[in-house]
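Both ligands and their constituent atoms are indexed starting at 1 by order of listing.
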Amino acid sequence: MINIAILGFGNIGSGVAEVIEKNQAEIKNVLGDNLHVKYILDIRDIPGVVNDINIIVNDPDVKVICETMGGKEPAYTYTHLALEHGISVCSSNKELVDAYGVELSAIAREHNCSYLFEASVGGGIPVLRTIREAFGHEKVSRIAGILNGTCNYILTNMKAGKDFADALKEAQEKGFAERNPAADVEGHDTARKIAILASLVSGKKFSYEQVSCEGITNVTQQDIKDAEAQGMSIKLLGVYEAETQSVNVAPYLVPASSPLYGVNDVFNGIMVTGNMVDNVMFYGRGAGKLPTASAVVSDVIECAKTLGRNVKDGLEDLEPVASVNAPAKPDGQKFRVL
Ligand code: HSE
């Protein structure tokens, strides 16, 4: 039996416990052992839950920790501490990966454990693992992705005639939105995700602060109707271009000929272009309790299979990129066209 702990028992953390409980037979089959949630830590006083991280990191039974707290603190301090104790950490926390991923990756290597973060980008879509394992030999020229489930849900519902505020409320009720939904609708969440993807494929650290970022708050019903009349759909995209070293987040007009056009509701779509493989499209639920928790559990299984060793995470020794460009917007136009 492999003992794990979950830090943060909100939407995703409780989802991790649920995935482990419901899919124990499948987990046993792939891992050759059972996963057991020995501790749950939360800052709230919930019966059966611990509040002190030291209890967890000082228990030699604990082999893997899931960090599903979100935000920088105390997630950074707890992750640092766990890795220093040789305990692998699997995170859904894109804010932490963006801000401290390179440092945490180095600490994991130093202590023969791993820092994995599949759930931080694309919810349940195994895009980071695929990029790490299957695209290492590719020169990735471009990534264009619908990376925020909440914004895609809002834009899809606005196209169907719903009001922005009502659609956002629904996305919050369904557990898609961030605690502060401004991070979704102003594009910051997408910026963190595209910065992580750009870092993994370019070998340089792109950070969220460098990304030119425009959200969906200025997109009107009329814009959506006008786009529809031209056979296009408005999507919030994160776009990375290797040649111009540009990364930006903005609402784009997506033509019907693009596979991203039909990505609706909470779904994410990520188009990765490699010089040999050409276009590869990833599609799946970009937010929500169980899809995101499933991605965390996939990392837990990888860490549990490799105890005492470090798994490459793609952030090894990345130097910060000097500057990041943004593609120009066509003169007089509100939106770029994909
Ligand atoms: N708020 C995020 C989204 C959650 O809507 O995509 C998943 O990262």
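Nearest to atom 2 (C) of ligand 1 among the protein's heavy atoms is Glu178 OE2, 3.1 Å. When hydrogens are left out, the protein atom nearest atom 5 (O) of ligand 1 is Thr150 OG1, 2.6 Å; that is the closest non-hydrogen contact. The nearest protein atom to atom 8 (O) of ligand 1, hydrogens excluded, is given as Lys94 NZ, 2.6 Å; this is a heavy-atom distance.
Atoms of ligand 1 lying under 4.0 Å from at least one heavy atom of Ala287, given by number and element, are 3 (C), 4 (C), 5 (O), 6 (O), 7 (C). Near Phe176, meaning under 4.0 Å from any of its heavy atoms, are these atoms of ligand 1: 1 (N), 2 (C), 3 (C), 4 (C), 5 (O). Less than 4.0 angstrom separates some heavy atom of Gly149 from each of these atoms of ligand 1: 3 (C), 5 (O), 6 (O). Set against the non-hydrogen atoms of Asp184, the atoms of ligand 1 under 4.0 Å away are 1 (N), 2 (C), 3 (C), 5 (O). Listed by number with element, the atoms of ligand 1 under 4.0 angstrom from any heavy atom of Gly286 are 6 (O), 7 (C).
Looking only at distances, a side-chain donor or acceptor of Asp299 sits under 3.5 Å from a matching main-chain atom of Phe117.
Gly123 does not count as a contact of ligand 1, since none of its heavy atoms falls under 4.0 Å from the ligand.
Note on ring orientation: taking the six-membered ring where Trp is involved, the planes of Phe176 and Tyr153 are perpendicular (angle over 60°, cut-offs 30° and 60°).
Side chains of Lys204 and Gln245 form a contact here, defined as non-hydrogen atoms less than 4.5 Å apart.
Under 4.0 Å is where a charged nitrogen must lie from a carboxylate oxygen, and between Glu178 and Lys94 at least one such pair does.
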